[in-house]
S.K.: 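Supplied in structure tokens, the structure appears directly below.
FYI, the numbering just counts along the sequence from 1.
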Amino acid sequence: MFRPKLPTMPQPTGLATPPTVVEPTSITPGTPATPPAPTAPATARPTIQVTPGTALALVGGGTAVVLVVGAVLVSMLLAVAVTGVSVALVAVVLRLLVNDMRKGR
């Protein structure tokens with residue numbers, strides 16, 4: 001019940017071709033071929049041409065990203081600061097309440 005069931009290997013179907021026999025060939029020495037002259041490799045990537053409109057769009061997009069990221073970071077910092085001030089005020093109020101309870105007021 002708890003033993004895994006192992007799949008069975010499928011058997012080949014259809015006609016099986018017999019293996020072909022590879023016969024050795026003789027190697028005849030020949031004249032050495034001269035290596036071809038080295039050529040410059042062709043670039044696989046197309047070159048990017050930046051027009052003034054494209055450059056302006058890139059600068060505008062980069063500026064927008066920086067402003068959005070900056071706004072998010074400033075808002076997170078502000079949230080942490082407000083939370084810290086709130087926790088500090090709660091601590092002061094609790095301290096005053098505990099001191100009043102000790103004095104019996």
S.K.: Under 4.5 Å side-chain heavy-atom separation, chaining through any Ile, Leu, Val, Met, Phe, Trp or Tyr, what else clusters with Leu96? Say none if it is isolated.
M.R.: Val92
S.K.: For Thr51, what residues pass the side-chain hydrogen bond (donor to acceptor under 3.5 Å, both in side chains) criterion, not counting sequence neighbours?
M.R.: Thr54
S.K.: Starting from Leu73 and following side-chain heavy-atom contacts under 4.5 Å between hydrophobic residues (I, L, V, M, F, W, Y), which residues can be reached?
M.R.: Val65, Val69
S.K.: Quick check for you: to the nearest 0.5 Å, what is the distance between Met101 atom CE and Asn99 atom CG?
M.R.: 10.5 Å
S.K.: Step by step, work out the side chain to side chain contact (heavy atoms under 4.5 Å, CB included) result for Met76 and Val72.
M.R.: CA-CA 6 Å; Met76 288 173 65; Val72 168; 4.0 Å; yes
